[in-house]
Amino acid sequence: MEKRVRVRFAPSPTGGLHMGGVRTALFNYLFAKKHGGDFILRIEDTDQTRFVEGAEEYIVAALKWCGIEPNEGVGFGDGPHKPYRQSERKELGIYKKYADKLIASGHAYYAFDTEEELNDMRKRLEAAKVVAPQYNAVTRQNMRNSTTLGEDEVKKLLAEGVKYVVRLKVPRNEEIRFNDIIRGWVTVNSAQVDDKVLLKSDGMPTYHLAHIVDDIEMEISHAVRGEEWLPSAPAHILIYRYLGLEEQMPMLAHLPLILNPDGNGKISKREARFPVFPLSWKDPREVMPYIGYKESGYYPEAFVNILALLGWNPGNNEEIFSVAELAELFSFERVHKSGAKFDPEKAKWFNQQYLRKQSDEDLAKAFKPILKEKGYEKEDAFMIEFCKLVKEKVQFVHEFWDHGKYIFEAPTTYDEKVITKKWNDTSKALFTSVLENFKSITDWKMQTIHDSFEELVKQVGKIDMQLLRVLITGVAGGPQLFDMIALIEKDEVIKRLETALNKL
RNA sequence: GGCCCGUUCGUCUAGGGGUUAGGACACGUCCCUUUCACGGAUGAAACACGGGUUCGAUUCCCGUACGGGCUACCA
């Protein structure tokens with residue numbers, strides 16, 4: 001029988017969750033949805049030295065904003081496998097049990113080496129031109145551990161409470177093969193794998209032990225994680241094997257990385273000239289907060305859509321997908337092997353697509369507080385009409401201001417290019433007649449203004465529309481001219497025309 | 001350095017033994033609009049290189065180059 005699909009997103013709370021992490025969470029979520037399975041949030045807080053205040057809360061909030069909510073785990077309700085925080089699970093003795101089992105079966109051992117001794121070992125190996133110094137089948141023979149020390153000595157050290165770690169006893173030369181859903185068969189020789197620390201001297205498990213124990217105990221069916229874990233996967237295979245759990249081992253899927261748009265390498269929060277966090281993140285160790293996608297004006301649906309198409313696509317030419325559609329379409333077979341450079345320009349385009357789907361009413365509602373900040377308040381009908389007029393020019397709601405502020409504010413300067421090119425001796429008389437014409441209009445509606453203007457043109461000849469636009473708004477471009485004039489309202493238009501005629 | 005993974009327009013990608021190698025973003029031109037944008041049309045733009053295998057390779061295999069990841073009592 002097929003195992004029930006149970007996947008997990010298992011970040012460590014060492015900082016804000018960035019877009020790479022969100023994408024990993026997303027792919028887990030989509031896979032779970034697709035197969036009617038479970039999606040779990042597990043917090044891997046086994047490194048006490050790297051714990052960052054607020055990180056866990058941030059992870060939960062970010063997932064909520066993105067709409068990719070786990071149905072089990074920290075912040076989303078306990079399931080049958082609680083607790084979901086590894087520090088709490090450690091207190092329950094869960095990991096030690098497994099470590100002891102490995103020691104008992106001879107697949108792990110105690111190591112008493114101090115930091116200095118480890119450093120000395122590396123220095124010695126480097127001096128001897130060993131290419132990759134590591135604690136392994138060869139070097140462990142010269143170190144202080146339970147494979148070299150006598151049984152009595154080990155017992156004595158343990159009884160004395162001497163600090164120790166538990167290391168995995170990796171064989172000297174053995175082919176390790178595993179089948180990655182995305183990458184296919186990967187083969188590594190165990191000589192490349194070091195004797196990984198399983199239990200640290202503070203009693204905490206390392207990632208290597210903890211995630212395996214938890215994946216087994218939480219009945220995880222697929223371990224979906226970033227490519228950076230590929231090199232340590234062989235060690236993980238060994239742990240499952242030595243625990244006698246190879247049969248229950250989750251399927252492995254290593255996701256390609258999201259790379260920097262310029263230059264290369266993994267996306268880094270420091271260098272990026274675009275947001276890397278879903279929500280703004282204030283690191284307690286740093287002064288400046290990092291602005292997020294949310295604060296930059298992105299819709300969560302757009303953000304998720306962008307992420308989904310980084311390293312995956314459905315195989316057709318479509319690009320706009322809701323989360324539900326993505327869940328329907330998703331499969332690991334269509335996930336790439338190679339990393340994807342993130343393109344901030346295309347990200348904006350995605351947001352624009354989602355903005356256009358919004359109703360004028362919703363856009364008006366969203367823009368209202370921004371306008372208020374600028375010092376203007378207008379009734380709803382006005383706002384809706386305004387958004388309708390300007391929406392096709394913007395990618396973000398806050399851009400309504402940049403592209404439409406002249407509707408609220410009279411111009412202080414006039415587009416020089418247009419004025420130099422088009423303003424001449426006859427202009428003043430011409431636009432004075434426009435002013436008079438406008439003054440005579442009683443029914444200030446787009447069609448009426450337009451018709452009246454047409455009549456005037458018949459009498460006085462061609463009037464430059466762009467010049468008219470510049471006199472009223474100061475800028476050369478903008479939305480449909482007569483729609484805009486109607487929106488600005490009669491008194492204001494007349495006032496602006498008078499001012500312009502005086503100034504020019 | 002070593003190991004692992006990868007490589008189709010600038011970027012995201014489709015495709016896959018025989019194609020005019022398709023789409024999207026960005027860019028150019030034109031049309032629409034008495035403006036800008038939207039929209040439409042169109043252009044420029046790619047199979048990293050070298051060897052095989054094959055009647056035929058961008059597609060399969062092997063090398064090389066390049067890129068990335070890992071190389072901690074971090075995840």
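Every chain is numbered from 1 and lettered A, B, ... according to where its sequence line falls, protein lines coming before strand lines.
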- Message: Is K341(A) close enough to C25(B) that one of its side-chain N or O atoms is under 4.0 Å from OP1 or OP2 there?
- Response: no
- Item | Whole-Å P distance, G43(B) and C61(B) | 35 Å
- Query: Does a donor on one side chain and an acceptor on the other come within less than 3.5 Å for Y135(A) and D113(A)?
  - Reply: yes
- Task: Ignoring backbone atoms, test whether H336(A) places a side-chain nitrogen or oxygen under 4.0 Å from the OP1 or OP2 oxygen of U13(B).
- Result: yes
- Query: Taking the side chain of L118(A) as heavy atoms from C-beta outward, which of C73(B), C70(B), C25(B) is closest to it?
  - Reply: C73(B)
- Of the candidate nucleotides C38(B), A24(B), G23(B), which contains the atom at the shortest distance from the side chain of E392(A)? C38(B)
- Message: Under 3.5 Å for both donor-acceptor distances, Watson-Crick or wobble: does U29(B) have a partner, and if so which one?
- Response: A41(B)
- Task: Taking atom C1' in both A46(B) and U29(B), compute the distance separating them and give it to the nearest angstrom.
- Result: 22 Å
- Message: Can you say whether a donor on the side chain of K346(A) sits under 3.5 Å from an acceptor on the base of A24(B), or the other way round?
- Response: yes
- Query: When the P atoms of C12(B) and U20(B) are considered, how many whole Å apart are they?
  - Reply: 27 Å
- Short side-chain N/O contact from R356(A) to OP1 or OP2 of G39(B), under 4.0 Å: yes
- Item | Ion pair check, D343(A) and K346(A), cut-off under 4.0 Å | no
- Query: Distance check: side-chain N/O of R334(A) vs OP1/OP2 of G15(B), anything under 4.0 Å?
  - Reply: yes
- Task: Using the P atom on both, measure U58(B) against G2(B) and round to a whole Å.
- Result: 31 Å
- Would you please classify the geometry between the F321(A) ring and the W312(A) ring as parallel, tilted or perpendicular, with 30° and 60° separating the classes? perpendicular
- Query: Think T46(A) has a side-chain N or O under 4.0 angstrom from the OP1 or OP2 of A75(B)?
  - Reply: yes
- Item | Nearest-Å distance for atom pair CD/P, residues Q192(A) and G1(B) | 15 Å
- Item | Between P of U35(B) and OH of Y414(A), the distance in whole Å | 22 Å
- Paired with A65(B) by Watson-Crick or G-U wobble geometry, both distances under 3.5 Å: which nucleotide is it? U7(B)
- Message: Can a donor-acceptor pair be found, under 3.5 Å and without considering hydrogens, that links the side chain of R183(A) to the backbone of H254(A)?
- Response: yes
- Can you check whether K169(A)'s main-chain N or O pairs, donor with acceptor, with Y109(A)'s side chain at less than 3.5 Å? no
- Item | Nucleotide nearest L257(A) when distance is taken to its side chain, options G68(B), C4(B), C73(B) | G68(B)
- Task: Please determine, for the side chain of V197(A), which listed nucleotide (C12(B), C5(B), C73(B)) has the closest atom?
- Result: C73(B)
- Message: Please pick, from C74(B), C4(B), U35(B), the nucleotide with the shortest atom-to-atom distance to any side-chain atom of L230(A).
- Response: C4(B)
- Query: Considering only heavy atoms and no angle criterion, is a donor-acceptor pair shorter than 3.5 Å present between the side chain of S201(A) and the base of C73(B)?
  - Reply: yes
- Take atom C1' in C60(B) and the same atom in C66(B), then report the distance between them in whole Å. 22 Å
- So which nucleotide from G23(B), A75(B), U35(B) ends up closest to the side chain of E319(A)? G23(B)
- Sugar-phosphate only, base, or nothing, as touched by G226(A) at under 4.0 Å among non-hydrogen atoms: nothing
- Message: Looking at C73(B), I'd like to know if its phosphate oxygens (OP1 or OP2) sit under 4.0 Å from a side-chain N or O belonging to R167(A).
- Response: yes
- Task: Taking only the side-chain nitrogens and oxygens of N313(A), find out if one of them lies under 4.0 Å from OP1 or OP2 of A14(B).
- Result: yes
- Donor/acceptor link under 3.5 angstrom from R50(A) side chain onto base of C74(B): yes
- Can you check whether K196(A) has a side-chain N or O nearer than 4.0 Å to OP1 or OP2 of A72(B)? no
- Task: Please check if the side chain of R144(A) supplies one atom and the backbone of A111(A) the other of a donor-acceptor pair under 3.5 Å.
- Result: no
- Measure from the side-chain heavy atoms of T206(A) and tell me the nearest of G10(B), C74(B), G23(B). C74(B)
- Under a 3.5 Å limit on both distances, the Watson-Crick or wobble mate of G1(B) is U71(B)
- Side-chain contact check for E44(A): nearest option of A75(B), C73(B), A24(B) is A75(B)
- Message: Can you check the distance between A41(B) and C62(B), where both ends of the measurement are the P atom (answer in whole Å)?
- Response: 44 Å
- Item | Among U13(B), C70(B), C3(B), the nucleotide that comes nearest once only the side chain of V188(A) is considered | C3(B)
- Task: With K405(A) as the cation and F408(A) as the aromatic partner, state whether NZ or CZ is under 6.0 Å from the six-membered ring centre and within 45° of the axis.
- Result: no
- Of the candidates G1(B), C73(B), U13(B), the side chain of A132(A) sits closest to G1(B)
